[in-house]
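Written below as structure tokens is the structure these notes are about.
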Amino acid sequence: MAIRLGDIAPDFTAETTQGPISFHEWLGNSWGVLFSHPKDFTPVCTTELGYVAAIKPEFDRRDVKVVGLSVDPVDSHVKWEGDIAETQGTAVNFPMIGDPDRRVSNLYDMIHPNASDTLTVRSVFVIGPDKKVKLSLTYPASTGRNFDEILRVIDSLQLTAKHKVATPANWKDGQDVIIGASVTDEDARKLFPQGWKTVKPYLRVIPQPK
Ligand code: BEZ
């Protein structure tokens, strides 16, 4: 069954390049990103894994654990890691799940038979400390993902989990935000005593809360 926003991210145990993990236990109280790639030793995937390794400190800074997955076995991932380090300039510094029996891929609906019977699509799941799915996206094999966008979404998710605000189109950390649509003006006066700019009664803008 499809995994929807707000669902508990299914728990599983799996072999990874950094040893066995029990997913929920491994996440602990952190945020998590679980992402699949179609196949080891392929060009787009090589660039993606190298880029995620290069920006791993940005995930760490946000207390986000990152784990990759494909239907290739762990020993294949380990061999491929050499190529990624050599060609992308950063060694893979996060675990990669080997899923040859497709247990996790099927659990997360990462194989889309009308795209490919055998390969995982490029799925991303962002999971909150409450183990609920906060974001999911799916890209085809031919299109590498924008992992800076994943960081941007995480900034929004973490901000809006803390404050009753929402973030506008193309928002980046530090820019103005919108008072949540469900917040009445009366409540907004208490929550944001510094006031706000009313563009429309339903579009109230404030500086990003700290
Ligand atoms: C790639 O990463 O380039 C790729 C992977 C699987 C199918 C097609 C392309």
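First listed ligand is number 1; within each ligand, the first listed atom is number 1. Keep in mind the model is a prediction, meaning the values are calculated, not measured.
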Within the 4.0 Å heavy-atom sphere of ligand 1, strictly under, residues =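 These residues qualify: P38, T42, P43, V44, C45, R122, A141.
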Please answer: with hydrophobic residues joined when any side-chain heavy atoms are less than 4.5 Å apart, are Y202 and I178 in the same cluster?
->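 Per the 4.5 Å side-chain linkage, Y202 and I178 are co-clustered.
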Heavy atoms of other groups near Q194 CD, more than 12 under 6.0 Å |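 Check passes, neighbour count above 12.
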Which residues satisfy the side chain to side chain donor-acceptor pair (under 3.5 Å) test with D173, sequence neighbours excluded?
->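 Per chain and number, D173 pairs via side chain to side chain donor-acceptor pair (under 3.5 Å) with Q208.
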Which residues share a side chain to side chain donor-acceptor pair (under 3.5 Å) with D83, sequence neighbours left out =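 Expected list: none.
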What residues form a ring-ring contact (aromatic ring centres under 6.0 Å, His included) with Y139, not counting sequence neighbours?
->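 Scan of Y139 (ring-ring contact (aromatic ring centres under 6.0 Å, His included), adjacent residues dropped) gives none.
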Do K65's NZ or CZ and the ring of W26 fall within the cation-pi criteria of under 6.0 Å and 45°?
->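 Relative to the ring axis of W26, which defines the angle, K65 lies inside both limits.
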